[in-house]
Amino acid sequence: MNEDRIIKLISGLKTLSPNAEFAAKSRNIILSSPRKAGGGFALTPKTVLTRIFDMSLSLALMSALVIAVLSGVGLIFGRSASQPQALNNSITNEANAAIKDINVHLNNVQYFSQEATKTNAVLKAAAGTPSTYSGQATSTSPTQSSSTNQNIDNLINQAAQ
Amino acid sequence: MLEDELDLVKKTKDGEVEAFGLLYDHYLPKIYKFVLVKVGRREEAEDLTHQAFLKAWQNISKYEYKGYSFGSWLYRIARNTVYDYYRQAKSELGIEDADNLGLLIVESDIEHETEKRIALGRIVKHLKKLKGVEEDVLIMRFVNDMPIKEVAATLGKSEGAIKLIQNRAIKSLKGLISQEA
């Protein structure tokens, strides 16, 4: 079989044709189906570069966002981890300061108490009489009488006689 | 190439549905023949041809005339659709089916005398044994009467390369037929 004969045989397949019913049905379906808006992108160097740039930009922004989020989370966890220690330290410091104040006040009280006792003793010794300070409250009491009051009573009685 | 093809493409892009209808009417027989010889079964050929035209319709805004016709663009879509089909369905096609492809086409589509039908069946069967690109070139050149320039544009090769592929394919086909005889 020569080459021309082969080509002639292949050309015999030209008689193949689509079924008319299929052709009409397919045509109607296609023409009534929606078309893609914008149509995506054709593979030209310009569109490929644009796509690559868009993708790079998106990736860069995405990476920045991820880094920002991770940094934020890191900071939050970092703070929350160190916070109890700082809090403990400040409470301890405040407590220590308060204890110091209390100690100072206690020392003052003790000092003044000792001084009062010493002064009282000195005054007693100097006056030889009971401390007026200690008896001051009772001397004003209307139910008790002092020697002065007794003298006054006696004088009033004598005057009355 | 259709005379007012670019005008029809423009009108389709502008929303004139019937303009694509005219392109469909012109190219359907060519694309259908190409697909049918490639897959060998009427039902699959109808499905794949429909898919190819549907893809073209949906993506026509991507088509820009750059030296090759709308028809070449359609052939590319049809070719890719057929190759996708083969990738998916290869495991489902048995050896017997492949051997009978040619006879199935001839018996169901061509009304010729028995001897000629068998000869055509053999040709189709042997075409399937060629490399994909060799089969494409022979179908485009001798079934669809496409000029070498358009075949080259469709397959993304030089005209010289298409001539070489065509010669090699015919020799291979001759060899296959001689072996069978």
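In what follows, chains are A, B, ... by sequence order, proteins preceding strands, each numbered from 1.
Within 6.0 Å of CD on A/E115 lie more than 12 heavy atoms contributed by other residues, nucleotides or ligands. Counting heavy atoms of neighbouring residues, nucleotides and ligands inside a 6.0 Å radius, atom NZ of B/K157 does not exceed 12 of them.
A/R27 contributes a side-chain N or O that, together with a main-chain N or O of B/G21, makes up a donor-acceptor pair within less than 3.5 Å. Without hydrogens or angle criteria, B/W57 side chain to A/S32 main chain gives no donor-acceptor distance under 3.5 Å.
In this structure, the separation between CG on A/L31 and CD on B/E18 is 6.5 Å, given to the nearest 0.5 Å. Here the CZ-CD1 distance, from A/R5 to B/I123, works out to 8.5 Å after rounding to the nearest 0.5 Å. If you take CD1 on A/I6 and NE2 on B/H126, they are separated by 9.5 Å, rounding to the nearest 0.5 Å. Atom-to-atom distance recorded for A/I30:CD1 and B/L54:CG is 5.5 Å, nearest 0.5 angstrom.
Heavy atoms closer than 4.5 Å to chain A are found in both the backbone and the side chain of B/F53. Contact annotation for B/I139: neither backbone nor side-chain heavy atoms come within less than 4.5 Å of a heavy atom of chain A.
The most heavy-atom pairs under 4.5 Å with chain B, out of A/S11, A/P34, A/P18, come from A/P18.
Proximity to chain A among residues 159-175 of chain B is limited to B/I170, B/K171, B/L173, B/K174, judged by heavy-atom separations below 4.5 angstrom.
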Could you please spell out the steps behind the side-chain contact (heavy atoms from CB on, under 4.5 Å) verdict for B/R141 and A/I7? CA-CA 10 Å; B/R141 289 282 294 129; A/I7 291 170; over 6 Å; no

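Partner of A/L13 under the side chain to side chain contact (heavy atoms under 4.5 Å, CB included) criterion, chosen from B/N144, B/V37, B/L138, B/L36: B/V37.
Under the 4.5 Å side-chain heavy-atom criterion for Ile, Leu, Val, Met, Phe, Trp and Tyr, B/L23 and A/I29 are members of distinct hydrophobic clusters.
Applying the side-chain hydrogen bond (donor to acceptor under 3.5 Å, both in side chains) definition to pairs two or more places apart or across chains, those involving residues 45-55 of chain B are A/S26-B/H50, B/K55-B/T81.
Minimum interatomic distance between A/F22 and B/Y32 (heavy atoms only, all atoms of both residues): CE2-CD1, 4.3 Å.
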